[in-house]
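The next block holds one structure in the form of structure tokens; read it before the comments.
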Amino acid sequence: MVMRWQGAALVTPQTPRGIIDLEFAGTVDRFRSMRMFIDSNAAMVNLYLDFLFIISYVWFLSSAAKLAERTGFRLIPSEWPVRIAFLAGLLDIGENMLLLDALAAGGTRFTLQLTWWLALIKFTAAGIVVLFLLLAAIVLLFTRKKITDTFEA
């Protein structure tokens with residue numbers, strides 16, 4: 001919520017999705033045209049806040065995957081979703097560093113395309129973990145295995 005509130009300054013007609021549009025700019029021309037309509041300082045603050053958010057979502061996704069396994073969901077070992085969550089976090093760190101550089105120096109074709117790919121893989125990796133957790137929740141709901149049973153044992 002903090003990032004959404006702080007990032008509201010980044011939502012313009014040219015960047016309706018805020019920082020996500022910058023992540024997926026992909027070309028120097030598109031990035032520079034978007035940059036003309038946003039506050040670069042607000043974008044940098046948003047990226048610095050994202051470093052804290054990375055820690056939070058990697059911890060949450062990893063903990064939830066481990067909890068799913070402890071409650072009886074063993075489709076795959078929890079270490080795989082945990083590793084994928086960490087991968088998403090690492091990709092997000094790289095993406096943020098490239099965007100900070102692009103905001104400061106204008107960005108190059110290579111760095112903006114690399115940022116685009118890192119963002120795509122990051123969102124895909126995080127989505128895979130979220131789908132794993134949703135599947136675990138559905139399976140555990142229908143098997144009626146309660147989370148409290150895990151802690152009583």
Side-chain angles (χ1 to χ4, degrees), residues 1-71 73-140 147:
M1 289 184 350
V2 171
M3 287 185 63
R4 190 73 175 148
W5 171 77
Q6 187 280 328
L10 304 175
V11 176
T12 70
Q14 289 72 27
T15 56
R17 296 177 299 161
I19 198 76
I20 293 173
D21 285 318
L22 289 175
E23 293 172 344
F24 286 106
T27 66
V28 173
D29 289 340
R30 186 159 192 265
F31 183 78
R32 287 184 182 157
S33 70
M34 285 190 278
R35 236 179 109 203
M36 291 183 345
F37 296 98
I38 63 161
D39 179 358
S40 290
N41 289 333
M44 288 181 159
V45 169
N46 195 264
L47 290 167
Y48 286 121
L49 284 172
D50 193 33
F51 284 111
L52 297 174
F53 180 64
I54 292 166
I55 295 166
S56 300
Y57 80 73
V58 169
W59 174 82
F60 172 77
L61 293 175
S62 299
S63 298
K66 290 176 185 175
L67 179 63
E69 185 175 62
R70 285 199 326 250
T71 57
F73 185 73
R74 291 188 176 84
L75 179 65
I76 59 172
S78 66
E79 64 198 38
W80 283 104
V82 169
R83 288 177 182 171
I84 295 170
F86 274 94
L87 173 65
L90 289 174
L91 294 170
D92 205 354
I93 289 169
E95 170 201 313
N96 285 353
M97 292 171 60
L98 288 169
L99 269 179
L100 286 168
D101 180 62
L103 287 166
T108 66
R109 179 176 176 247
F110 174 76
T111 60
L112 292 170
Q113 286 181 350
L114 183 57
T115 302
W116 188 94
W117 280 104
L118 291 177
L120 178 68
I121 298 167
K122 169 197 72 173
F123 282 117
T124 302
I128 288 169
V129 178
V130 169
L131 287 174
F132 168 81
L133 295 174
L134 288 173
L135 180 62
I138 292 168
V139 168
L140 293 171
I147 293 176

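Under the 4.5 Å side-chain criterion, counting only non-hydrogen atoms from C-beta, Pro81 is in contact with Ile76. A 4.5 Å side-chain heavy-atom check between Asp92 and Tyr57 finds at least one atom pair inside the cut-off. The shortest side-chain heavy-atom distance between Val139 and Leu75 does not fall under the 4.5 Å cut-off. At least one side-chain heavy atom of Leu100 sits less than 4.5 Å from a side-chain heavy atom of Phe51. Under the 4.5 Å side-chain criterion, counting only non-hydrogen atoms from C-beta, Phe24 is in contact with Leu120. Two residues are said to be in side-chain contact when any heavy atoms from C-beta on lie closer than 4.5 Å; Met36 and Gln14 fail this criterion. Looking only at side-chain heavy atoms (C-beta outward), Pro16 and Asp21 come within less than 4.5 Å of each other. With a 4.5 Å cut-off on side-chain heavy atoms, Val129 and Phe86 do not count as touching.
Within 6.0 Å of CZ on Arg74 lie more than 12 heavy atoms contributed by other residues, nucleotides or ligands. At most 12 heavy atoms of other shown residues, nucleotides or ligands fall within 6.0 angstrom of atom CE in Met97.
Listed here is the closest heavy atom pair of Glu95 and Ala119: OE1-CA, 3.2 Å. Closest approach of Gly26 and Gln113 over heavy atoms only: O-CG, 3.3 Å. A pairwise comparison of heavy atoms in Phe73 and Leu140 identifies N-CD2, 3.9 Å as the closest pair.
A donor-acceptor contact shorter than 3.5 Å links the side chain of Glu69 to the backbone of Ser78. Under the 3.5 Å distance criterion, the side-chain polar atoms of Arg35 are matched with a main-chain donor or acceptor of Leu103. A donor-acceptor pair is defined here as one N or O able to donate and one able to accept, closer than 3.5 Å; such a pair exists between the side chain of Thr71 and the backbone of Ala68. Judged by distance alone, with hydrogens and angles left aside, the side-chain atoms of Thr111 form no donor-acceptor pair with the main-chain N or O of Gly107 at under 3.5 Å.
Note that the OG1 atom of Thr124 and the CD1 atom of Ile84 stand 11.0 Å from one another [nearest 0.5 Å]. The CG atom of Leu22 sits 4.0 Å away from the CD1 atom of Ile38 when rounded to the nearest 0.5 Å. Rounded to the nearest 0.5 angstrom, Lys122 NZ and Leu87 CG are separated by 11.5 Å. To the nearest 0.5 Å, atoms CG (Leu47) and CG (Asn96) are separated by 5.0 Å. The distance from atom CG of Leu91 to atom CZ of Phe123, rounded to the nearest 0.5 Å, is 11.0 Å. We find the CD1-CG distance between Ile128 and Leu61 to be 12.0 Å, quoted to the nearest 0.5 Å.
Just one of Leu114, Thr115, Ile121 meets the side chain to side chain contact (heavy atoms under 4.5 Å, CB included) condition when paired with Leu118; it is Leu114.
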